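Note that this is a predicted model, so its numbers are computed, not measured.
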Amino acid sequence: SSPRRLARNELSEYRLQRKTLAMPVLDVVYCPIRSLPPEFCEYGPCFDKCKPWLLENFPDLYPNLREEAELRRKMDDLDIVGTSSEGKKAKDANKPGDVKLLPGGKIKRKEEPAVVIARTQRNKRKFVTTVTGLDTFGVKLQDAAKVFAKRFSCGSISCQRPGRGN
């Protein structure tokens, strides 16, 4: 019982039947930025660029993106003191008692107490974080230095600044 050889016309008919039994063609949508299917966009190198397209076309695929976009929109509405010149001018206009006129027409404004946290680079991968303004809120700087050292497992000191104390 050897396998039966198909004649040429039978062979073409067999191939035609196999093509009709094949899976239907799927219409797959690809991301226009990275040419990946939307399910794999999060694994690509530039997921941040794909997020707006995903939110617009596939909001159900990544529900946390919608929440993140709403949070980002709310965060953009907030204003950080010292970054927005319009917000600072509006605050100054509302407080006329904090302005002191000096001779020569100069205006001296009373500083509002604020805590400033700055990060400066010391070496390639080493940074120094500077916290200023805690003393304006009545915090003892020596005690704060000890708490910072314990909490963040790092070295911490309090320094005297010229003209302003610690």
Side-chain angles (χ1 to χ4, degrees), residues 27-166:
D27 188 27
V28 180
V29 178
Y30 291 98
C31 174
I33 295 152
R34 289 300 299 164
S35 301
L36 294 172
E39 294 86 11
F40 296 105
C41 277
E42 67 180 316
Y43 303 112
C46 54
F47 183 54
D48 293 335
K49 293 180 183 176
C50 298
K51 284 180 184 179
W53 181 80
L54 288 170
L55 281 172
E56 183 179 321
N57 296 308
F58 296 97
D60 298 333
L61 194 58
Y62 295 103
N64 58 345
L65 283 182
R66 191 174 337 119
E67 296 167 5
E68 184 180 316
E70 290 174 12
L71 180 63
R72 180 166 282 131
R73 184 182 48 79
K74 289 179 182 177
M75 291 291 286
D76 289 341
D77 291 343
L78 295 176
D79 186 32
I80 298 174
V81 175
T83 59
S84 173
S85 60
E86 297 90 23
K88 203 169 192 179
K89 288 178 185 176
K91 286 180 185 177
D92 291 343
N94 293 339
K95 297 182 179 180
D98 293 342
V99 177
K100 184 177 180 183
L101 293 174
L102 296 175
K106 293 185 180 180
I107 299 174
K108 183 176 181 181
R109 298 182 192 275
K110 182 178 178 184
E111 289 186 22
E112 291 184 23
V115 176
V116 178
I117 301 173
R119 186 181 89 165
T120 56
Q121 188 171 5
R122 192 178 69 170
N123 286 334
K124 288 184 181 179
R125 295 178 62 185
K126 306 252 182 189
F127 294 91
V128 176
T129 304
T130 308
V131 180
T132 57
L134 286 176
D135 53 344
T136 59
F137 290 97
V139 175
K140 293 182 182 177
L141 297 182
Q142 295 293 332
D143 296 340
K146 286 181 184 179
V147 170
F148 287 156
K150 287 180 184 176
R151 174 68 174 95
F152 298 113
S153 301
C154 63
S156 177
I157 60 169
S158 67
C159 297
Q160 288 191 351
R161 295 183 343 200
R164 297 190 95 186
N166 291 346

J.: So does Glu70 get a backbone contact from the side chain of Glu67, meaning a donor-acceptor N/O pair under 3.5 Å?
T.: no
J.: Could you state the interatomic distance from SG (Cys50) to CG (Leu36), rounded to the nearest 0.5 Å?
T.: 7.5 Å
J.: Run the salt bridge (Lys or Arg N to Asp or Glu O under 4.0 Å) test on Lys51 and Asp48 for me, step by step, so that the C-alpha distance in whole Å, both residues' side-chain angles and the decisive distance to 0.1 Å come before the verdict.
T.: CA-CA 5 Å; Lys51 284 180 184 179; Asp48 293 335; 3.3 Å; yes
J.: Where do Trp53 and Pro32 come nearest, in terms of heavy atoms and distance?
T.: CE2-CD, 3.3 Å
J.: What is the minimum heavy-atom distance between Phe47 and Glu42, and which atoms define it?
T.: CD1-CA, 3.3 Å
J.: Between atom CZ of Arg122 and atom OG1 of Thr129, what is the distance when rounded to the nearest 0.5 Å?
T.: 11.0 Å
J.: Which distance, rounded to the nearest 0.5 Å, do you find between the CD1 of Ile117 and the CG of Leu134?
T.: 8.0 Å
J.: Counting only heavy atoms not in Tyr43 (residues, nucleotides, ligands), do more than 12 fall under 6.0 Å from its OH?
T.: no
J.: Can you tell if the side chain of Pro38 reaches within under 4.5 Å of the side chain of Asn57, non-hydrogen atoms only?
T.: no
J.: If I compare all heavy atoms of Leu141 with all of Asp135, which pair ends up nearest, and what's the gap?
T.: CD2-N, 4.1 Å
J.: In Å and rounded to the nearest 0.5 Å, what is the CG to CG distance from Leu55 to Leu61?
T.: 10.5 Å
J.: Roughly how far, to the nearest 0.5 Å, is CD1 of Ile157 from CD of Gln142?
T.: 9.5 Å
J.: Return the minimal non-hydrogen interatomic distance between Val115 and Gly133, and the atom names on each side.
T.: CG2-O, 4.0 Å
J.: Output the distance between atom CZ (Arg34) and atom CZ (Phe40), rounded to the nearest 0.5 Å.
T.: 14.5 Å
